[in-house]
Every structure is written in structure tokens, then in C-alpha cells.
Amino acid sequence: MTGVDGPLPSGGNAEPSDIRAWQRLSDDVTTSGKLEAGDPARLAAIGVRNVINLALDNHPEALADEAALLAEQGIGYTHIPVPFDAPSPDDYAAFCQAIETAEGPVHVHCIMNYRVSAFFYLLHLEQGMDEAAAHALMAEQWDPASADHPAAKPWGDLIVACANPPRKSSAPAKRCSGRR
């Protein structure tokens with residue numbers, strides 16, 4: 001269910017696969033890197049009802065007035081600014097909350113689809129996806145374990161911490177159910 005190009009079954013509009021690092025994870029979830037000024041209309045055309053942005057709004061490639069541009073298209077907006085060099089379990093928890101409460105098809109993006117793909121890797125594991133399959137989806141964008149980017153280590157550390165949370169009691173840990 002990833003990398004689908006061409007018409008959507010329900011809407012008949014072509015996927016905007018030229019958006020940086022575009023990836024379809026399911027009928028209701030798409031991801032990408034940065035958005036450009038015309039992209040909110042394109043997302044609305046394929047039925048996206050909510051956008052979750054994990055990038056910092058002061059990034060040089062961030063879309064100015066993103067919330068307003070999306071609102072003009074009738075698309076809800078949640079901004080969770082995740083510092084690329086210092087992601088935290090709280091950032092992942094906020095992402096999970098946003099995914100769980102978003103109504104309708106959702107699009108999640110950052111600048112390069114690195115933050116997004118790492119968070120979806122964790123979510124896919126929580127949902128019971130095989131680790132190799134979850135890793136393959138993330139690796140379509142990047143792999144923090146093998147990337148030479150200076151901020152890859154904090155992402156690798158976050159993945160280890162969130163994928164293997166410490167147990168403080170015998171009760172099962174609350175996990176992110178998210179979307180499938």
C-alpha cells in the first residue's frame with residue numbers, strides 16, 4: 001500500500017506524487033516531505049481532510065502560512081514541531097495523539113519525510129506490522145541506523161527507546177493505536 005501513483009479508487013484525481021518524498025501508506029494515510037504553495041489544493045483534490053506537520057515552521061523550506069492555506073481548502077491542521085536534531089518520546093506521543101484524533105484521510109509531512117517515516121515505523125511496529133516490512137517502508141525515505149546525517153543518531157536512539165519502552169509495572173504499556 002505504498003508508492004501508489006495514479007488515480008485514487010474513490011476520487012479519480014491523480015496522486016500528487018511529485019511532492020517531495022510522496023508516499024501512500026494506506027487508503028487514508030499519505031506522507032511526504034515539504035509542501036509548496038499549490039499543494040494544499042492538490043491534497044484536497046484527493047480527499048485529504050487533515051494535515052499533520054512535524055517540521056519546524058522556521059525551517060527555510062517550510063511553507064509560509066501553511067495553516068491558512070490548508071484552511072482555505074477545508075483541511076484541518078495540526079503542527080507538532082519536532083526538532084530534527086532532538087526528537088523525543090513526547091514528540092512521538094503527540095504524533096500518536098494527532099493520528100488517533102484526525103478525522104478523515106490524513107497527510108503527514110515534514111521537510112524530507114524523515115521525521116514522518118521514523119514515527120510511522122514505530123507506529124507500524126505497535127500495530128503489529130512485521131519489523132522487516134515496517135523497516136522497508138521507512139527505508140524508502142531513510143534509515144537512521146545507516147544514514148550519515150549528523151542528526152541520524154538521535155533518531156536511532158529514539159527508535160530504540162520507543163520501540164522498547166522500559167516496563168515500570170506488570171501492566172501493559174499504553175500504546176499508540178493510530179491508523180492502519
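It should be emphasised that the depicted structure is a prediction, and the values quoted were computed from it without experimental measurement. For the numbers below, each heavy atom of this structure counts, side chains included, while hydrogens, waters and symmetry mates do not.
In this structure the side chain of Glu140 never reaches within 4.5 angstrom of the side chain of Asn113, judged on heavy atoms. Contact check for Val51 versus Leu43: side-chain heavy atoms found under the 4.5 Å cut-off. Within the 4.5 Å cutoff, the side chain of Pro83 has heavy atoms near those of the Asp91 side chain. Side-chain contact check for Leu35 versus Ile19: some heavy-atom pair is nearer than 4.5 Å. For the pair Ile46/Arg24, a side-chain contact is recorded, criterion being any heavy-atom separation below 4.5 Å from C-beta on.
Remark: Glu61 engages Arg20 in a salt bridge, criterion side-chain N to carboxylate O under 4.0 Å.
The stretch residues 72-85 participates, sequence neighbours left out, in these side chain to side chain donor-acceptor pair (under 3.5 Å) pairs: Asn53-Tyr77. A side chain to side chain donor-acceptor pair (under 3.5 Å) check over residues 150-162, counting only residues at least two apart or in different chains, returns the pairs Lys153-Asp157.
For the pair Arg115 (side chain) and Ala55 (backbone), a donor-acceptor distance under 3.5 Å is absent. In this structure, Gln141 contributes its side chain and Ser32 its backbone to no donor-acceptor pair below 3.5 Å. Using modelled atom types, no side-chain atom of Arg49 and backbone atom of Gly76 make a donor-acceptor pair closer than 3.5 Å. The main-chain N or O of Glu131 is never found under 3.5 Å from a side-chain atom of His135 such that the two would form a donor-acceptor pair.
By the side-chain hydrogen bond (donor to acceptor under 3.5 Å, both in side chains) test, Tyr114 pairs with no residue at all, sequence neighbours left out.
Aromatic ring pairs are classed by plane angle as parallel below 30°, tilted from 30° to 60° and perpendicular above 60°; the pair Phe119 and Tyr92 is perpendicular.
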